[in-house]
Each structure stands twice: as structure tokens, then as C-alpha cells.
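FYI, side chains are in, hydrogens and waters are out, and symmetry mates aren't considered; it's all heavy atoms of this structure.
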Amino acid sequence: MALAGFGAPAAHALEPVSVSGDDAAVDLKPATDIYRNQGHSFQVATVPGADGIVRRIEVEAKSPQASGNWAVFALANNSDDQIDRLVVVPHFRLVGSGLLWPDLGSQRIAAITPSQGFALERQPSTEADVFLVTLDPGSVVTFVAEMTSPTLPDIRLWEPNAYKDTINAFTLYRGIVLGIAGLLAVFLTILFVVKGSAMFPAAAALAWAVLGYICIDFDFWQKLVPLAPGQEQVWRAGTEVALAFSLAIFLFAYLHINRWHRALSISLVLWLLLLAGLGAAAVFDPVVASGIARLSLAATAGIGLALIVGLSLHGFDRAVMLIPTWCLIILWLVAAYMTVTGRIDNDIIQPALGGGLVLIVLLIGFTVMQHAFAGGTFAQGLLSDMERRALALAGTGDAVFDWDVSRDRIFAGADGEALAGMPIASMNGPARDWLPILHPDDRDRFKLTLDTILEHRRGRIAQEFRLRDEDGHYHWVSLRARPVLGSDGEVVRCVGTLKDVTDVKKAEERLLHDALHDQLTGLPNRELFMDRLQAIGVLADARSDVHPTIFVIDIDRFKQVNDDFGIATGDTILLTVGRRLKRILKPQDSLARLGSDQFGLILVSEADVAAIATFAETLREAIKAPIGLAGREIILTGSIGLSGWTEQAMPEEVLKEAELAMYQAKRFGGDRIEPFRPSYKTIGSGRLQLESDLRRAFERGEMSLAFQPIVRLDGEAIAGFEALMRWEHPKRGAISPGEFVPVAESTGLIVQLGQFALEEAAKRLSDLQRLTGDTDLFMSVNISSSQLIRQDLIADVKAVIERYRLPPAALKLELTESLVMDNPERSAQLLARLRQLGVGLSLDDFGTGYSSLAYLLRFPFDTLKIDQSFLRNSNNQPQRPIILHSIVTMAHDLGLKVVAEGVESDLDIVQLRQLNCEYAQSFAFSPPLSIDAVTRLLQDRMNGMKRAS
């Protein structure tokens with residue numbers, strides 16, 4: 001039962017809408033209660049949850065100008081899976097918008113607040129209010145929507161992929177309709193320029209009005225001119241007024257109303273003036289203007305039908321030709337009327353009506369074209385062969401080339417702009433006058449061509465050469481000519497055409513360049529790189545002083561940059577890195593972009609091993625230099641593999657060796673230079689096999705968790721455990737996490753591993769708490785970078801806490817310094833939300849990365865884990881105990897608890913107790929144990945305590 005206001009009874013019980021994984025779209029409007037004029041604050045009683053409890057919530061308006069209108073609906077997830085859905089409320093819907101006082105659209109929902117969790121996240125959309133909803137298994141959630149308008153034309157719950165597919169489908173249709181409408185408008189405008197009859201500008205005006213209407217209706221205008229709230233109604237009303245005006249003026253112009261009845265003409269002119277004034281009034285009251293425009297369209301259709309029928313009966317051809325178009329207009333208006341009054345209610349009708357308008361304009365275009373080309377045929381009679389050729393030459397727009405051989409005079413000219421800007425004076429005269437204006441590289445070829453024609457007295461000239469224009473720029477010119485023989489068999493003339501083909505040449509050069517170069521960076525692509533590698537290889541085989549070195553450079557974690565900052569930022573970074581690398585090279589070296597974030601380099605300028613090593617280090621440092629973007633600095637690293645050229649080596653093999661070395665550098669953690677070694681050729685196949693086995697490990701139940709105790713130093717009682725991933729391979733036995741975790745990260749399986757670890761650790765912690773009755777017993781679970789950037793991490797954590805009924809503080813998530821600092825902004829937001837759930841947050845491996853106080857103050861950690869390097873061999877390095885003391889003191893001052901890893905001796909334990917360090921974790925207390933061993937350990941301790949008591 002929902003309650004509006006403070007204590008006012010609801011009209012009826014609010015029923016939750018059951019949501020299943022198979023529903024693509026659910027209409028929420030019948031299940032939504034709307035409360036108007038409720039003020040800035042709204043109180044509601046939720047739908048009974050799974051536990052049957054009814055809760056009362058109060059929601060404050062988030063909009064500065066709150067309307068006081070609220071909508072309430074409830075959703076129930078009766079399945080065992082988490083469900084993500086989109087709540088979609090369109091700004092405008094033609095269906096049911098009304099005739100006289102139409103709803104012209106506006107923002108509908110300012111915010112949606114659920115009865116549990118955070119306010120729904122608004123998704124970017126210009127034509128609807130879209131909010132992302134996540135429903136946990138078995139949950140029943142009541143949602144309160146703050147309305148910014150008094151009505152909701154439609155509200156639906158969409159499956160995200162289905163909504164995306166629907167939008168994409170409509171986008172394609174809209175693009176086609178918009179393209180056809182634009183072409184029709186342009187075509188009719190050109191026709192209006194060519195023909196001076198009044199019907200052509202009228203038809204063009206109607207085409208532009210239709211284009212404007214569908215631009216607004218299809219939300220295309222918003223992309224060209226961003227509209228402020230409320231402006232959409234003005235534009236929509238304006239286009240409807242333009243439709244009514246242009247249709248009336250087309251009818252007036254096409255039927256020549258002024259020829260038939262003076263009074264009717266005056267009435268129509270007054271009508272048009274009224275519509276023109278209505279267009280200005282749309283700025284102040286778009287609703288009234290739109291209603292009048294819709295009535296005007298209906299009136300125009302009715303009066304036009306009467307005129308067309310009457311004139312057709314009198315044998316007026318224009319009226320007869322307009323009958324099919326006008327029938328379609330009336331049919332369109334009937335469908336539009338049934339739509340705005342709600343008699344037709346589906347998602348197809350609105351875009352279909354837009355397409356119908358374009359079809360109407362298309363028929364009008366065909367109709368007026370019959371008049372445009374009627375009676376315009378060429379003069380009657382046959383053409384002579386000379387006239388036909390002259391017309392054909394004029395039609396091509398080419399210039400005339402005529403060389404009078406006996407007089408040695410060339411005539412070059414044209415009636416148009418075929419040789420615009422060319423030095424015509426120099427081109428008309430002796431053939432030698434062409435030599436100064438020809439490109440130096442083309443002069444000999446031009447002379448040889450003319451001499452060959454004179455010598456052989458046959459053939460055709462088909463040459464392309466460069467001519468210098470009056471501004472000193474060269475143009476490509478195509479000469480097509482043939483010789484004309486005299487009575488003695490000698491060439492007396494050479495006649496043909498000249499054509500400026502500069503644009504064609506430039507296009508060919510661009511195509512060639514694009515085929516061999518990367519379009520983003522302008523660097524050679526892989527094909528050109530292989531060609532240059534082949535040429536360098538031939539040179540190296542022929543000359544003993546040439547010893548090329550091949551580098552393959554890959555940007556580490558570049559996919560994460562694209563995910564965090566967007567593809568545009570990623571492209572900018574690639575462009576910056578490419579320019580940096582190119583500046584390091586010498587002219588004889590070569591750089592190419594081999595793939596998305598991978599570069600290839602041929603080093604020829606250095607042959608000494610030490611110089612090559614120095615050059616490689618320079619490459620690494622150039623990549624690591626900070627890149628400033630939008631007020632922040634992005635620091636990247638690169639994995640660099642290199643291979644030297646050997647005798648009789650194949651280019652493909654050398655490049656493959658450098659790539660294998662690069663992949664090995666990535667396996668070692670990146671930001672590394674790795675020369676090729678023959679053993680790397682066997683690593684790749686082994687890695688593929690390991691990846692294949694890892695994919696099947698989950699199905700075969702080979703993955704498990706080991707649990708290393710974390711003990712309290714005061715009494716050495718077990719306080720909790722750290723969950724560690726283990727893989728027992730059926731053939732290879734136990735595989736180290738250091739071997740399979742990097743494979744999982746590179747293949748995307750790390751997310752599945754992380755979800756398995758989180759689920760299994762929570763389940764085992766629940767069992768151990770029930771066994772011991774100790775709800776303070778905690779479990780630490782490591783979080784990977786892939787999990788940290790996913791939207792579902794918070795929902796996953798919340799789900800396992802609720803599923804296994806764990807105290808939130810009993811679950812601790814461990815994150816390393818480098819992981820947090822990869823994306824500090826997103827990490828801060830995500831960790832704050834996790835902290836709000838009550839989950840513990842532990843900073844792992846402190847002291848091995850940034851070790852900065854800044855992020856300890858910024859991020860809400862409650863536990864600090866000191867890296868084991870500060871305890872091992874501390875006697876050999878006396879400064880380490882001092883650093884350890886400083887870290888523990890600093891952590892306590894910041895209110896953090898401390899876990900020391902790597903405790904080796906009793907002396908370490910005494911030292912840590914003196915520092916008041918709370919916890920320790922190492923093999924000195926216990927190695928990682930299986931769940932059965934952990935259970936026996938806890939039972940033995942419980943029995944020992946009972947015997948002692």
C-alpha cells in the first residue's frame with residue numbers, strides 16, 4: 001500500500017511488476033500511481049518486501065523547481081539472478097498527444113529513488129529519460145519518481161540489449177528517411193532554381209518543412225542545435241505550423257487558384273497570413289499554435305479535396321495529376337488523427353507517419369517534374385555529324401587542343417572553366433612555348449610524344465603531365481588527341497581535348513597513401529613496414545656494415561585507457577606516442593604502427609650493442625613521459641621486444657621473434673625491454689595450452705581457495721583469513737598463481753576468477769562463523785583491476801553479503817597501491833560506495849608502490865598490510881626497522897589497523913608487539929590451508945579452550 005503526503009491513504013494497493021530475465025520490455029504505465037501537487041517532499045509506504053515488511057520512506061525533490069508531482073511503481077525480481085533493466089520515459093510521444101491542446105514533449109522525470117540502495121543512475125539520452133535499474137535476486141523494490149511534468153505519456157522497463165537493438169533499428173530507419181527527405185528538399189530547390197514557375201518554390205518549401213518536422217520528430221535537430229529545456233516544444237510547434245503553411249501555399253500555387261476565383265484567392269492569402277502570424281505566436285504559446293496548425297492541416301486537406309475534385313471534373317490536368325498525392329495526404333491525416341487521439345497505439349506508427357510525409361513529398365516531386373520537363377525538348381530535326389560532335393565536346397566540359405603542324409601553332413581553349421587559371425597565352429603558340437610551363441620531369445616525355453606521332457603518322461596521344469598555372473602551382477592535365485593526315489600521308493594536325501585531372505590525381509595519391517599508412521598517426525602500416533623490412537634485409541645481406549635491429553613496442557594496459565577516458569583520448573595518446581618515438585629516430589631508421597597500440601621499429605643507425613641498449617632505454621623513457629590531457633597527467637609504460645638480423649633471415653621470422661620478446665616483457669609485468677631468446681618460441685604454445693586449460697578449469701572443478709590465517713599478535717588467536725586462489729591441474733599438478741593469473745588478466749578470465757573467489761570466500765566465511773559462533777571472524781579477498789573497473793562489483797559484494805547473511809565488516813577487500821592509482825578518480829568513488837556498505841577495505845603491499853600519504857587520506861581504507869620486504873633480512877639492513885616503525889605509527893595516527901606480512905622469527909613478533917601492531921600473517925604462524933584443515937584447526941582450538949576452562 002502506497003501513501004502519498006503525510007498520512008493520506010492511498011486509493012488502492014500498489015502491486016509490484018514481476019520482472020523476469022525473458023522480458024524484453026514491460027509496460028509500467030498501468031502499474032504506476034501518479035500523485036500531483038504533493039509538494040517538495042513526498043512520503044510513501046513501500047510494497048511489502050520478500051520478508052513481508054512494509055516500510056515508510058520519504059523522498060525530497062532534487063529539482064530546484066519541483067513540480068510537486070510524483071509517480072510510484074514497484075518491481076519484483078522473483079528469479080535467482082541479478083537483473084539489470086532500463087526505465088525509459090520518452091520526452092515526446094505522438095500517440096495520445098492530443099489534437100487541440102497537444103502535449104508537445106518535455107523532460108518527464110528528474111530523478112528516481114528506490115526504497116533500497118542508491119538513486120538510479122541516469123543514462124545519456126536526448127529523447128527520453130533513461131535510468132539504469134539493478135534488481136537483486138528475490139528483491140521487491142518500490143521506486144518513487146520525481147516528475148517534471150504533470151503527465152507520463154509512456155513508461156517502460158527495457159532489457160538493455162533489447163532497448164539498444166530497438167534504438168539502433170529505428171536509427172537506421174530514421175537515417176534512411178532523413179537522407180531521402182534531404183535529397184528531395186535539395187532536388188526540389190535545384191528544380192526551383194532551374195525553373196521559374198511558382199509551383200517549384202512551393203514544392204521546395206513543403207519539402208524543407210517536412211525535413212524540419214522529421215528532424216525534430218527523429219531527434220536529429222537536437223544533435224545539430226542543442227536545445228535548452230522547453231525549446232523542443234517551440235521547435236515542434238514551429239515545424240507543424242510550417243507544414244500547414246507550406247501545404248496551403250503549394251495547393252494555391254499548383255492549382256493556380258488566382259486564375260479561377262478572386263474571392264477564393266483573397267481568402268487563401270488571409271489564411272496564409274494567419275498561419276505566418278501563428279508561426280511567430282509559437283514562440284510564446286507553442287501548445288495553442290500547434291493545435292491550430294493541426295486544424296489548419298485538416299482544413300487544407302478538406303478544401304483541397306473539394307477543389308481538386310471540382311477542377312478535375314472541368315478537365316483541369318493539374319488537378320487530375322494531384323489526385324493520388326492528395327488521397328495519400330488525406331490517408332496520412334486520418335492516421336495522424338487516430339494516433340494523436342490514442343486510437344492507434346504502437347511504437348511503429350510515429351516513425352511510419354514521418355516516412356509517410358516523405359512519401360507524400362516524393363509523389364509531389366514526381367508530379368511537379370512532369371511539368372518541369374514537359375515541352376522542353378530540343379529543337380526538332382536531325383543533327384549533322386559535326387553538330388553532334390560539337391555538342392558532345394561541349395557536354396564534356398573539356399578544353400580543345402589543336403596543333404597545326406605545318407604552321408607549328410597550338411590552339412588550347414574552352415568555353416567554360418576547364419583550364420581556369422592556366423597561362424592560356426603561353427599555351428597558344430609554337431609547341432616549344434609549352435616547355436617553360438611544363439614540369440621539368442615531364443618536358444622530355446611531352447617532346448617525345450609529339451615527335452613519335454609525327455614520325456609514325458598514326459596512333460593516339462594519351463598522356464598526363466603537369467602544367468604550371470598563373471600562380472606558380474602545378475596542375476595535372478590529361479591530353480587525349482589523335483593525328484589528322486594530309487593528302488600526302490603526313491600529319492597536318494593533331495586534334496583532341498585537354499582536361500584538368502588534378503583532383504583525380506590527388507585522390508589516387510590519397511588512396512595510395514591510405515593503403516600504406518595508418519590514418520590516425522600517419523605512420524607506415526604493417527604492409528609498408530614489412531616491405532621496408534624486406535628491403536633492409538636485402539641490404540643487410542649485401543653489406544656487412546648494416547646490422548638492423550627490429551623492435552616491437554606495445555603500450556601496457558592501453559585498453560584500460562580507452563575504457564576509462566574514451567576512444568578519442570586513446571587516439572590522442574597514440575598520436576602523441578607515435579610523434580615521440582619518431583623524434584628519437586634518425587633518417588635511416590623506420591617507424592610503423594603495426595596494430596591498435598603496437599608499433600614496429602627498424603633501427604639501422606646503431607649497430608653497437610651498448611648503443612642499441614641505450615636507444616631501447618630512450619624508447620622506454622619516451623613512452624613513460626607524462627601526457628597532459630584536460631588538466632591531468634596520464635603516465636603509460638611500454639613492453640619492448642627486440643631482435644637482431646641474422647644471415648639468411650626472413651623478415652616475417654625476425655618480426656615474429658621481436659613480437660615474442662615483447663610478449664615475454666608483458667609477462668614479466670610490462671615497462672620492460674626484452675631481447676629475443678630462442679626459448680621464447682616454446683612459451684607461446686605453452687601459454688595457449690595454459691589458457692585453454694584455464695577456460696575449462698571452472699567446468700572441471702579444478703579451481704579452489706586456500707586460506708592463510710591472520711592472527712592477533714596479542715594472544716596469537718586467529719582473527720581471520722586471507723583467501724588465496726589455487727589451481728590443481730589434472731596433469732601438471734598445482735600451478736602457481738603467478739603463472740595463471742597473468743594469463744587470466746590478458747584473456748579476460750580474471751573477472752570470472754574474481755567472482756569465484758568472492759563467492760567461495762563468502763560462503764566459507766559463513767560456514768566458519770556458524771561453526772565458531774564468532775561473527776568477528778573476517779575474510780580478506782583480493783580484487784583485480786578488471787573487477788575494480790566493472791560496474792557490477794558493488795552489486796556482487798552486496799549480493800554475497802545478503803546471500804550468506806554476513807556482517808559487512810567481516811568481508812574485507814584487498815587492493816594494491818598500483819591498482820588503486822591506475823584510476824584514482826574512479827577508485828575513490830567506488831571505494832566510497834563500498835565503504836558505505838560497511839565492507840572492510842585493506843591496502844595490500846604497502847611500501848612497494850607509490851607509498852604516498854595523499855591517497856591514504858583520500859581513500860577510505862581501514863587496514864594497512866605492510867609488505868614482507870620490511871621484515872625479511874631486516875638485520876642486514878638496519879634502516880628497515882626504522883621505516884617499519886614509521887609506517888605502523890603513521891597508520892595508527894590515521895586510525896588504520898596494521899597487518900604485518902612475512903614474519904620470520906620470534907624477534908619479529910616481539911618487535912611488532914612493541915609497536916602495537918594488531919595482526920600478523922606469515923608461514924611462521926601457518927601456511928595457507930584447505931577449508932577442511934581450517935575447520936579442524938578451529939575445532940581443535942575450540943576444544944582446547946573448553947578443556948582449559
Is any side-chain heavy atom of [X] closer than 4.5 Å to a side-chain heavy atom of [Y]?
X: L619; Y: L601; result: yes
X: L705; Y: K763; result: no
X: I550; Y: E657; result: no
X: T449; Y: L479; result: no
X: L636; Y: D556; result: no
X: Q708; Y: F923; result: yes
X: M725; Y: L753; result: yes
X: W645; Y: P651; result: yes

- Looking at residues at least two apart in the chain, or sitting in another chain, which of them share a side chain to side chain donor-acceptor pair (under 3.5 Å) with Q123?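 If we apply the side chain to side chain donor-acceptor pair (under 3.5 Å) test to Q123, skipping adjacent residues, there are no hits.
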- side chain to side chain donor-acceptor pair (under 3.5 Å) against R620, all qualifying residues, sequence neighbours excluded: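 Listed in chain order: E617, D671.
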Got a second to check how far [X]'s [atom1] is from [Y]'s [atom2], nearest 0.5 Å?
X: E901; Y: Q921; atom1: CD; atom2: CD; value: 5.0 Å
X: S643; Y: E659; atom1: OG; atom2: CD; value: 11.0 Å
X: E621; Y: T637; atom1: CD; atom2: OG1; value: 11.5 Å
X: R583; Y: T618; atom1: CZ; atom2: OG1; value: 13.5 Å
X: K666; Y: I640; atom1: NZ; atom2: CD1; value: 11.0 Å
X: Q463; Y: R480; atom1: CD; atom2: CZ; value: 8.0 Å

- Task: Using ring-ring contact (aromatic ring centres under 6.0 Å, His included) as the criterion, list what pairs up with F551, not counting sequence neighbours.
- Result: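 F551 satisfies ring-ring contact (aromatic ring centres under 6.0 Å, His included) with F615 once adjacent residues are dropped.
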- Set of residues satisfying ring-ring contact (aromatic ring centres under 6.0 Å, His included) with respect to F446, sequence neighbours excluded: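 F446 satisfies ring-ring contact (aromatic ring centres under 6.0 Å, His included) with W434, F465 only.
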What pairs with [X] under salt bridge (charged side-chain N to carboxylate O under 4.0 Å, His left out), at least two apart in sequence or on another chain?
X: K447; value: D444
X: R672; value: E674
X: R695; value: E691

- With the threshold set at 4.0 Å, does a side-chain nitrogen-carboxylate oxygen contact exist between R445 and D442?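 Yes, R445 and D442 are salt-bridged.
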Validation: residues 572-580 side-chain donor-acceptor distances under 3.5 Å, sequence neighbours left out:
| residue | atom | partner | partner atom | Å |
| --- | --- | --- | --- | --- |
| T572 | OG1 | A568 | O | 3.1 |
| T576 | OG1 | T572 | O | 2.9 |
| R580 | NH1 | A622 | O | 3.0 |
| R580 | NH1 | A625 | O | 2.8 |
| R580 | NH2 | P626 | O | 2.9 |

- Could you check L758 against L813 for side-chain contact (heavy atoms from CB on, under 4.5 Å), going step by step and ending with a plain yes or no? CA-CA 9 Å; L758 184 63; L813 305 181; 4.3 Å; yes
- Message: Show every salt bridge (charged side-chain N to carboxylate O under 4.0 Å, His left out) that has at least one partner inside residues 565-575, sequence neighbours left out.
- Response: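 Applying salt bridge (charged side-chain N to carboxylate O under 4.0 Å, His left out) to every pair that reaches into residues 565-575, excluding sequence neighbours, yields nothing.
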Could you report the tightest heavy-atom contact between [X] and [Y], atom names first, then the distance?
X: V903; Y: A900; result: CG2-O, 4.1 Å
X: V654; Y: G644; result: CG1-O, 4.3 Å
X: S922; Y: G902; result: CB-N, 3.8 Å
X: P440; Y: Y474; result: CD-OH, 3.9 Å
X: H475; Y: H473; result: CD2-O, 3.7 Å
X: P928; Y: L724; result: CG-CD1, 3.7 Å

- Item | Stepwise side-chain contact (heavy atoms from CB on, under 4.5 Å) check, L467 with L438 | CA-CA 5 Å; L467 282 177; L438 281 168; 3.6 Å; yes
- Message: Test: ring-ring contact (aromatic ring centres under 6.0 Å, His included). Region: residues 722-764. Which pairs qualify, not counting sequence neighbours?
- Response: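 Every pair satisfying ring-ring contact (aromatic ring centres under 6.0 Å, His included) with a residue in residues 722-764: W727-H729, W727-F740.
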Taking only distance into account, with no hydrogens and no angle test, what donor-acceptor pairs under 3.5 Å do side-chain atoms of residues 606-614 form with protein atoms, sequence neighbours excluded?
| residue | atom | partner | partner atom | Å |
| --- | --- | --- | --- | --- |
| D608 | OD2 | A610 | N | 3.1 |
| D608 | OD2 | A611 | N | 3.3 |
| T614 | OG1 | A610 | O | 2.9 |

- Full working for side-chain contact (heavy atoms from CB on, under 4.5 Å) between F861 and L831: CA-CA 8 Å; F861 292 108; L831 296 181; 4.0 Å; yes
- Message: Strictly distance-based, threshold 3.5 Å: is any side-chain N or O of N161 a donor or acceptor partner for the main-chain N or O of K164?
- Response: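 Side chain of N161 to backbone of K164: no pair is present.
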- Message: Can a donor-acceptor pair be found, under 3.5 Å and without considering hydrogens, that links the side chain of R726 to the backbone of S704?
- Response: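 It does not hold such a pair.
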- Message: More than 12 heavy atoms of other residues, nucleotides or ligands under 6.0 Å from NZ of K505: yes or no?
- Response: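 Check passes, neighbour count above 12.
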- Given K865 and E722, is the side-chain contact (heavy atoms from CB on, under 4.5 Å) satisfied, shown in steps? CA-CA 12 Å; K865 296 189 76 172; E722 180 181 358; 3.0 Å; yes
Can you give me every donor-acceptor pair (side chain of residues 591-600, partner residue at least two apart or in another chain, under 3.5 Å) with its distance?
| residue | atom | partner | partner atom | Å |
| --- | --- | --- | --- | --- |
| R593 | NE | G595 | O | 2.9 |
| R593 | NE | S596 | O | 3.3 |
| R593 | NH1 | D518 | OD1 | 3.0 |
| R593 | NH1 | D518 | OD2 | 3.0 |
| R593 | NH2 | S596 | O | 2.7 |
| Q598 | NE2 | D554 | OD1 | 3.4 |

- For a side-chain contact (heavy atoms from CB on, under 4.5 Å) with T549, tell me which candidate from L642, D589, I602 qualifies.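 Answer to the side-chain contact (heavy atoms from CB on, under 4.5 Å) test with T549 among L642, D589, I602: L642.
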